[in-house]
Amino acid sequence: MSYNNIKFAIKDNVATLTLNRPEKLNSFTEEMHEEIRTVFSQIEQENIRALVITGEGRAFCAGQDLGDRDIDLDKGFDAGDSLEYNYNPLIRKMHALPIPIICAVNGVAAGAGANLALACDIVVAARSAKFIQAFAKIGLIPDAGGTWSLPRKVGLARAMGLAMLAEPLTAEKACEWGLIWQVVDDDKLEQNVAEMATHLASQPTIALANIKTALRASASNSMSDQLDLERDLQSASARTQDFLEGVSAFMEKRKPTFIGK
Ligand code: LHQ
């Protein structure tokens with residue numbers, strides 16, 4: 001299937017979603033959201049064990065396309081509706097998706113584009129990339145999960161500065177602050193992320209999904225609730241074929257072959 005605003009490919013259990021409106025810095029339109037919804041349904045149905053999200057051209061994503069025909073301020077445009085129907089379901093879906101999502105931030109990530117990146121499980125940025133909570137510059141607040149993820153990742157002081165000043169944060173600084181996992185040279189990004197995705201797709205997928213669930217739940221759980229959750233998720237992890245394989249391989253001093261079941 002071909003799309004107008006994205007590219008989508010599946011190879012060796014790894015899916016790659018590339019935002020593909022480079023002339024508008026891969027900013028989101030209504031049609032792009034529809035296409036992303038379609039591929040997420042496909043991801044849920046197929047045997048995909050890792051997802052990579054990246055952008056075509058010099059940018060990762062500049063957030064909402066401010067020129068999209070659906071943003072008609074004279075016709076009662078409601079930004080809340082766009083969040084309700086487009087961004088919020090997407091961010092919820094990403095958090096709930098039971099496979100690792102790697103973001104390859106190939107260039108500037110602004111507005112909802114920055115927060116799309118931050119909603120991924122592992123974020124690797126090109127050294128030249130920048131993160132901009134651009135919202136305040138146009139009279140908005142960070143959305144697409146930004147007000148939730150920023151203080152959790154970098155603390156309140158830095159979250160306030162990023163959101164209110166709306167200044168670009170370099171990839172290096174983002175990594176130093178704990179906003180992202182890794183910075184790599186621009187010409188190494190694609191290869192580095194491809195290797196990481198291939199590796200993750202060969203790992204015990206159910207355990208990775210359970211890690212994701214547990215770490216994400218920790219943001220709102222008490223210590224005691226979290227211990228209960230660890231008990232339940234460990235119980236489920238240990239009932240997988242991959243756990244049996246992991247232990248057997250360790251005892252037999254060989255490399256495990258995980259099947260994601
Ligand atoms: C764009 C955009 C863009 C359209 C670059 N739209 N064309 C909002 C509203 C409603 C509901 C829900 O939520 C949201 C969430 C949001 O995401 S709000 C925040 C929206 N994003 C921004 O405010 C960022 C706007 N863009 C920029 O500040 C700059 O373009 C950045 C800093 C990202 C990159 O700067 P440059 O590298 O200097 O590139 P540029 O500005 O020259 O952009 C290149 C082209 O891309 C240009 O088009 P043109 O036809 O003149 O060549 C821009 O107009 C277009 N573009 N972002 N968001």
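Counting starts at 1 for both ligands and their atoms, following the listed order.
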### Distance from atom 14 (C) of ligand 1 to nearest protein heavy atom, with residue and atom
Asp143 OD2, 3.3 Å
#### Entry: side chain to side chain contact (heavy atoms under 4.5 Å, CB included) partner of Leu83, chosen from Ile91, Asn88, Leu90
Asn88
### Task
May I ask you to check whether Leu66 has an N/O atom sitting below 3.5 Å from an N/O atom of ligand 1?
yes
### Query
Who's closest to atom 19 (C) of ligand 1 heavy-atom-wise, of Pro168, Gly139, Gly111?
Gly111
## Note on the structure
Closest to atom 44 (C) of ligand 1 among protein heavy atoms sits Arg58 NH2, 3.6 Å
### Task
Could you list which atoms of ligand 1 come closer than 4.0 Å to a heavy atom of Ile132?
32 (C)
#### Entry: Lys137 to ligand 1, any heavy atom closer than 4.0 Å
no
### Query
With a 4.0 Å cut-off on heavy atoms, is Lys130 touching ligand 1?
no
#### Entry: For atom 4 (C) of ligand 1, the option (of Thr29, Leu140, Asp65, Leu25) bearing the nearest heavy atom
Asp65
### Summary
Taking only non-hydrogen atoms of Ala112 and a 4.0 Å limit, the atoms of ligand 1 in range are 15 (C), 16 (C), 17 (O)
### Under-4.0 Å protein heavy-atom contact, atom 47 (C) of ligand 1
no
### Task
Would you tell me whether Arg231 and Ser235 have side-chain atoms, one donor and one acceptor, within less than 3.5 Å of each other?
no
### Task
Taking atom types as modelled, find out whether Gln42 and Glu46 have a side-chain donor-acceptor pair closer than 3.5 angstrom.
yes
### Message
Between ligand 1 and Lys24, is the shortest N or O to N or O distance under 3.5 Å?
### Response
yes
### Task
Check each atom of ligand 1 against the heavy atoms of Glu23 and keep those under 4.0 Å away; list them by number with element.
45 (C), 46 (O)
### Message
As an exercise, identify every atom of ligand 1 less than 4.0 angstrom from a heavy atom of Phe77.
### Response
10 (C)
### Query
With atoms numbered from 1 as shown, which atoms in ligand 1 lie under 4.0 angstrom from a non-hydrogen atom of Gly63?
17 (O)
### Query
Do Asn115 and Gln133 have side-chain N/O donor and acceptor atoms under 3.5 Å apart?
yes
### Query
How about Phe28 and Ser82: do any of their side-chain heavy atoms sit closer than 4.5 Å?
no
### Message
Quick one, Leu19 and Ile36 - any side-chain contact, counting heavy atoms below 4.5 Å?
### Response
yes
### Query
What is the nearest protein non-hydrogen atom to atom 58 (N) of ligand 1, stated with its residue, atom name and distance?
Gln64 O, 2.8 Å
### Task
Looking only at distances, please establish whether an N/O atom of ligand 1 is found under 3.5 Å from an N/O atom of Gly113.
no
### Message
Counting only nitrogen or oxygen atoms and a 3.5 angstrom limit, does Ala62 reach ligand 1?
### Response
yes
### Task
Determine whether any heavy atom of Phe28 lies closer than 4.0 Å to an atom of ligand 1.
no
### Closer than 4.0 Å: a protein non-hydrogen atom to atom 41 (O) of ligand 1
no
### Query
Does atom 52 (O) of ligand 1 have any protein heavy atom closer than 4.0 Å?
no
### Distance-only polar pair, side chains of Asn86 and Glu30, donor-acceptor under 3.5 Å
yes
### Task
Indicate yes or no: does an N/O atom of Ser82 lie under 3.5 Å from an N/O atom of ligand 1?
no
